[in-house]
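No hydrogens, no waters, no symmetry mates; every other heavy atom, side chains included, goes into these values.
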Amino acid sequence: MSSKDYELRETNQNKSEDSSSSFFLGALIGGLVGAAAAIFLAPKSGREIRSTLNNQAGTLKEKTVQLMNKTRTPLDVEEENYIPIGGVPKANKEGSVDELAIRKKLEQAKKAFEEEEYKVTH
């Protein structure tokens, strides 16, 4: 490479470093301005917002515990319903595990989770 190529490469690198530092400075300033605007334009006071968030977090925690308790099964039942991944279901005394029932429970759990997530985020 010639000396001109090295000079061009160094100049381009310096420009790139300058533009990235300018970007980060702009992002920082923009973030601060956005945070200030959010604080001043919020329809509720900070105390009310924190209270609302704490209440929603408590409700979410309670419902999560309730859902866990609903779906938790005793250890002996879990062992009977064990299905190895990629294998054949372990036969239990009453017959094989109903795959549709499992899918239904998974869909119910997913729906409950999405509802709670929506409540927290909106």
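For residues 45-54, the set of pairs meeting the salt bridge (charged side-chain N to carboxylate O under 4.0 Å, His left out) definition, not counting sequence neighbours, is empty. Sorted by first and then second residue, the pairs that involve residues 98-118 and meet ring-ring contact (aromatic ring centres under 6.0 Å, His included), not counting sequence neighbours, are Tyr118-His122.
You'll find the side chain of Thr52 reaches within 4.5 Å of the side chain of Gln56, heavy atoms only.
Taking CG of Asn55 as the reference point, atom CG of Leu60 lies at 12.5 Å (rounded to 0.5 Å). Summarising the geometry, atom CD belonging to Glu107 is positioned 13.0 Å from atom CD1 belonging to Ile102; distances are rounded to the nearest 0.5 Å.
In this structure, the side chain to side chain contact (heavy atoms under 4.5 Å, CB included) partners of Gln66, at least two apart in sequence or on a different chain, are Lys63. For the salt bridge (charged side-chain N to carboxylate O under 4.0 Å, His left out) test, residues two or more places apart in sequence or in another chain that qualify with Arg103 are Glu99. Lys119 meets the salt bridge (charged side-chain N to carboxylate O under 4.0 Å, His left out) test with Glu116; sequence neighbours excluded. Taking Glu115 as the reference, Lys111 meet the side chain to side chain contact (heavy atoms under 4.5 Å, CB included) condition, with sequence neighbours excluded.
Residue Val33 belongs to a hydrophobic cluster whose other members are Leu25, Ile29, with links defined by side-chain heavy atoms closer than 4.5 Å.
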